[in-house]
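Start at 1 with the first residue, then count along the sequence.
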Amino acid sequence: MSEDQTTTGGAAARPSGVPSGPGHTERDTRARVARLILEHGPVTASTLGERVGLTPAAIRRHLDALLAEGMIEVRKARVPQTRRGRGRPAKWFAITDAGRSAFVHAYDDLATSALRFLAETAGDHAVAEFARRQIADLERRYRPVVQDASPQQRVRSLAEALSGDGYAAAAAKAPQPGGGEQLCQHHCPVAHVAAEFPQLCEAETEAFSRLLGTPVQRLATIAHGDGICTTHVSPRSLHGAGETGDPAGGAAPGGAAAGGAGGEGAGAPPEKTQNNDEESGGTSL
């Protein structure tokens, strides 16, 4: 049995264009590694090996191949890892724009062209209205899920609902003074379109505020070049929100997206570094 056949769990989600079936075990495993980096990155090789069930040699082989293809990149932690003791610091692997594009982004060119035409013929306000209508269906579907959760679990429930739609979302305590939570989306199906039309991000942020019943602020977006869409959720107690109130009641819309401000938060990606290894020239754990 090969090293790659030691993988655990079900079939891996594959980027578009990657075939499945007999003879593609190696490629399927590599796609699964890329998917894990997309959803949980930046992440170390040892963590990936544990999740996929691969030996250190096998996970290094897949990571080296993904690096060579430009699907992932190496980053280093901003804060020194004092518990590691001697030796080289662990490398962290994050998805690149090319890697993210391999998973979805179907019809991006058509959508962008349509929105350009709308902006030229009806104005930017029409694009904003279109974005609000598009997000309205998502808001309607998520509202019962968020309302049924306790106030302390609403951000987590929203993250789970978003993950069900492919946003690879997670909730965590916010590191900023004053508390609150962070909603992190590791994937955005419309990132390439939103890069030109930020109204899509703004409409989504406004919907999050209404669903959670408290002001929110976008700190970073994939559309603006950040690795993760990060949204700060203000504590409900600071804004007079009742413990049993309607999440949609009276919350002010969140702030406009501002890429790069969320880099110091929990789950923020480490800094970029060179894709090399001074000692071995390969990928280290």
Side-chain angles (χ1 to χ4, degrees), residues 13 15 34-43 94-95 97 99-101 103-108 111 131-174 180-195 197-224 226-234 236 246-248 251 253-259 262 265-269:
R35 180 75 182 188
L36 285 171
I37 295 172
L38 169 70
E39 294 182 352
H40 303 287
V43 63
I95 203 77
D97 287 341
R100 186 176 285 111
S101 297
F103 282 91
V104 192
H105 299 313
Y107 306 114
D108 276 359
R132 294 189 188 99
R133 291 198 180 188
Q134 283 294 105
I135 209 71
D137 176 65
L138 177 147
E139 188 173 350
R140 281 193 297 269
R141 290 191 292 109
Y142 291 176
R143 185 175 303 283
V145 176
V146 176
Q147 286 182 332
D148 288 346
S150 66
Q152 296 77 17
Q153 294 295 318
R154 282 175 181 164
V155 178
R156 186 174 299 276
S157 295
L158 178 55
E160 291 173 354
L162 286 165
S163 293
D165 281 341
Y167 288 85
K173 292 292 184 182
E181 296 177 81
Q182 277 189 349
L183 178 65
C184 298
Q185 297 158 262
H186 293 262
H187 180 60
C188 176
V190 296
H192 288 181
V193 182
F197 296 98
Q199 295 94 327
L200 297 172
C201 295
E202 293 163 5
E204 184 182 74
T205 305
E206 292 170 2
F208 289 169
S209 181
R210 290 190 295 269
L211 286 167
L212 297 170
T214 189
V216 305
Q217 182 181 15
R218 268 277 158 81
L219 303 179
T221 63
I222 294 172
H224 287 171
D226 300 292
I228 302 171
C229 290
T230 305
T231 304
H232 178 261
V233 181
S234 300
R236 291 169 57 83
D246 185 348

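Contact of the L183 side chain with the L162 side chain is registered, since non-hydrogen atoms from C-beta on lie closer than 4.5 Å. At least one side-chain heavy atom of R141 sits under 4.5 Å from a side-chain heavy atom of D165. Looking at L158 and L211, their side chains come closer than 4.5 Å, going by heavy atoms from C-beta outward. Side-chain atoms of L219 and Q182, non-hydrogen and from C-beta on, do get closer than 4.5 Å to each other. For the pair R218/H224, no side-chain contact is recorded, criterion being any heavy-atom separation below 4.5 Å from C-beta on.
Applying the side-chain contact (heavy atoms from CB on, under 4.5 Å) rule to A161 yields the partners Y142; only residues at least two apart in sequence or on another chain are considered. For E181, there are no salt bridge (charged side-chain N to carboxylate O under 4.0 Å, His left out) partners at least two apart in sequence or on another chain.
Here the CD atom belonging to Q199 is positioned 10.5 Å from the CD atom belonging to E206, to the nearest 0.5 angstrom. Taking NE2 of H40 as the start and CD1 of I95 as the end, the distance is 12.0 Å to the nearest 0.5 Å. Residue Y167 holds its OH atom at 5.5 Å from CG of L138, rounded to the nearest 0.5 Å. Atoms CD and CZ, on E202 and R132 in that order, are 8.5 Å from each other to the nearest 0.5 Å. Remark: T221 OG1 to I228 CD1 distance equals 12.0 Å, nearest 0.5 Å. Note: L200 CG to Q134 CD = 8.0 Å, rounded to the nearest 0.5 Å.
A pairwise comparison of heavy atoms in A223 and A195 identifies O-CB, 3.4 Å as the closest pair. Of all heavy-atom pairs spanning S209 and T214, the tightest one is OG-O, 3.0 Å. Shortest non-hydrogen contact noted between A207 and I135 is CB-CG1, 4.1 Å. Pairing each heavy atom of A191 with each of I222, the nearest pair is CB-CG2, 3.8 Å. Across all non-hydrogen atoms, the minimal contact from L38 to H187 is CD1-ND1, 4.0 Å. Contact between A171 and A159 at its shortest, heavy atoms only, is N-CB, 4.0 Å.
Looking at E139 and R143, a side-chain N of the basic residue comes within less than 4.0 Å of a carboxylate O on the acidic one, giving a salt bridge.
Listed for the S163 side chain is a donor-acceptor partner under 3.5 Å among the backbone atoms of A169.
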